[in-house]
Amino acid sequence: MASVVTYKYIKQNPDIMEYIRRADKALEAQGYTEHSFAHVERVAHVASMILEELGYDERTVELARIAGIMHDIGNVINRVDHAQSGAVMAFRLLDNLRMPASEICSVISAIGNHDEGTGLPLDPISAALIIGDKTDVRRSRVRNSDLLTFDIHDRVNYAVQMSNVRFNEDKTSIILELQIDTKISSVLEYFEIFLDRMLLCKKASQRLGVRFEMLVNGSKVL
């Protein structure tokens, strides 16, 4: 059975948009970096770009977009186990929209496995979602405007002057390319925060049959 549920349809659904908005508000109250529409739309874009570049069919690419935009709704319940609670929430929302079970399984499996503490890249959609999520590091995610009170997460994100996810020419590697102001945060400090996430990106890339590489200030570090 074909599904009428598309990324565009999800973005126009007021209930799902409210869950995204309120989930980000909950994280803001706890001092977390931005997890609102800028984040989830970027994750959706990167996840779908990866699968498109690797030649996956149009519907698989679309499911990656849907998983990307919905992946953080579980934060409205609690940051702890937000991937799993978000997957359960997404199941109910998508089931009510009459999405086929096979497609719901793909979306909720990806959402339920995107957190580095518990997640694994079980299939191409979950692998692409992991990479899209874990590579979103940028200055505009920092909410704190007082540099003197920055914590390590603020410093690391604020130090990033440029962030780009791309393939190499022969599409054998996914490359995270960063330009970091080392006066704000060192490369070592970046890895202190993001090492587990980068290792999960490496596993996710392997699931897709490619390598994961990092370039920081023009030098290969992973």
Side-chain angles (χ1 to χ4, degrees), residues 1-29 32-136 141 165 200 204 207-208:
M1 181 176 70
S3 175
V4 298
V5 182
T6 63
Y7 179 67
K8 182 178 179 181
Y9 184 90
I10 293 293
K11 285 191 69 176
Q12 293 174 345
N13 184 293
D15 293 339
I16 295 174
M17 294 302 101
E18 181 66 9
Y19 287 128
I20 294 170
R21 190 177 296 108
R22 290 290 296 274
D24 181 56
K25 284 291 183 185
L27 291 182
E28 182 179 15
Y32 283 92
T33 52
E34 178 266 321
H35 283 71
S36 190
F37 297 106
H39 171 62
V40 297
E41 288 174 0
R42 180 180 172 118
V43 173
H45 168 73
V46 172
S48 61
M49 177 277 291
I50 289 169
L51 296 186
E52 195 168 33
E53 288 289 320
L54 290 175
Y56 284 86
D57 65 273
E58 188 176 331
R59 188 58 185 167
T60 300
V61 172
E62 186 76 346
L63 292 176
R65 284 194 189 96
I66 292 170
I69 199 164
M70 296 181 71
H71 79 279
D72 267 342
I73 58 175
N75 284 304
V76 76
I77 296 174
N78 199 298
R79 180 64 178 172
V80 177
D81 296 330
H82 75 282
Q84 289 80 7
S85 55
V88 175
M89 290 171 65
F91 164 76
R92 185 177 185 278
L93 291 162
L94 297 174
D95 188 49
N96 285 344
L97 296 176
R98 303 296 177 88
M99 180 183 268
S102 60
E103 294 188 352
I104 293 176
C105 284
S106 294
V107 172
I108 65 175
S109 178
I111 293 173
N113 279 280
H114 82 268
D115 187 70
E116 65 271 17
T118 55
L120 289 170
L122 303 180
D123 57 22
I125 294 174
S126 60
L129 175 61
I130 284 168
I131 297 168
D133 183 41
K134 304 311 167 195
T135 57
D136 185 19
R141 294 195 71 182
V165 179
L200 186 56
R207 172 65 69 179
L208 293 166

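Heavy atoms only: backbone and side chains are in, while hydrogens, waters and symmetry mates are out.
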Crowding at [atom1], [X] (>12 non-hydrogen neighbours, <6.0 Å):
X     : atom1 : value
Tyr9  : OH    : no
Arg22 : CZ    : no
Tyr7  : OH    : yes

How about [X] and [Y]: do any of their side-chain heavy atoms sit closer than 4.5 Å?
X      : Y      : answer
Glu103 : Arg59  : yes
Leu51  : Pro124 : yes
Ile69  : Val43  : no
Leu97  : Val4   : no

side-chain contact (heavy atoms from CB on, under 4.5 Å) partners of Ala204, counting only residues at least two apart: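 Ala204: side-chain contact (heavy atoms from CB on, under 4.5 Å) contacts with Pro121, Ala127, Ile130, Ile131.
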
Considering residues at least two apart in sequence or located in another chain, which fulfil the side-chain hydrogen bond (donor to acceptor under 3.5 Å, both in side chains) criterion with Glu52?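 Partners of Glu52 by the side-chain hydrogen bond (donor to acceptor under 3.5 Å, both in side chains) criterion come out as none, since no residue qualifies.
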
Residues in side-chain hydrogen bond (donor to acceptor under 3.5 Å, both in side chains) with Arg42, at least two apart?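 Partners of Arg42 under the side-chain hydrogen bond (donor to acceptor under 3.5 Å, both in side chains) test: Asp136, Ser163.
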
Heavy-atom closest contact ([X] atom, [Y] atom, distance):
X      : Y      : value
Val5   : Ile66  : O-CD1, 3.7 Å
Ile125 : Ala110 : CG2-CB, 3.8 Å
Val80  : Asn78  : N-OD1, 2.9 Å

Checking the side chain of Asn113 only, and the main-chain atoms of Ser109 only, is there a donor and an acceptor separated by less than 3.5 Å?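 Such a contact is found between Asn113 side chain and Ser109 backbone.
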
In Å and rounded to the nearest 0.5 Å, what is the [atom1] to [atom2] distance from [X] to [Y]?
X      : Y     : atom1 : atom2 : answer
Ile104 : Leu94 : CD1   : CG    : 5.5 Å
Ile73  : Ser85 : CD1   : OG    : 8.5 Å
Leu63  : Ser48 : CG    : OG    : 11.5 Å
Asn75  : Met89 : CG    : CE    : 9.5 Å
Leu129 : His71 : CG    : NE2   : 6.0 Å
Ile20  : Asp15 : CD1   : CG    : 11.5 Å

Any pair with a residue in residues 109-128 that passes salt bridge (charged side-chain N to carboxylate O under 4.0 Å, His left out), sequence neighbours left out, goes on the list, sorted by first then second residue, please.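 Counting only pairs at least two positions apart or across chains, the salt bridge (charged side-chain N to carboxylate O under 4.0 Å, His left out) contacts touching residues 109-128 are Glu116-Lys134, Glu116-Arg197.
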
Scan residues 65-82 for pairs that pass salt bridge (charged side-chain N to carboxylate O under 4.0 Å, His left out), counting only residues two or more places apart or in two chains.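 Found Glu62-Arg65.
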
Evaluation steps, side-chain contact (heavy atoms from CB on, under 4.5 Å), between Leu208 and Tyr56: CA-CA 11 Å; Leu208 293 166; Tyr56 284 86; 4.1 Å; yes

Could you walk me through whether Val76 and Glu18 satisfy the side-chain contact (heavy atoms from CB on, under 4.5 Å) test, starting with their C-alpha distance in whole Å, then the side-chain angles of each, then the deciding distance to 0.1 Å, before giving a yes or no? CA-CA 10 Å; Val76 76; Glu18 181 66 9; over 6 Å; no

Residues which pass ring pair (Phe, Tyr, Trp, His ring centres under 6.0 Å) with His35, listed by chain and number, not counting sequence neighbours: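 Testing His35 for ring pair (Phe, Tyr, Trp, His ring centres under 6.0 Å), a comparison that skips the adjacent residues, returns His39.
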
Give the C-alpha distance, both sets of side-chain angles, the deciding distance and a yes or no for side-chain contact (heavy atoms from CB on, under 4.5 Å) between Leu93 and Met70. CA-CA 10 Å; Leu93 291 162; Met70 296 181 71; 4.0 Å; yes

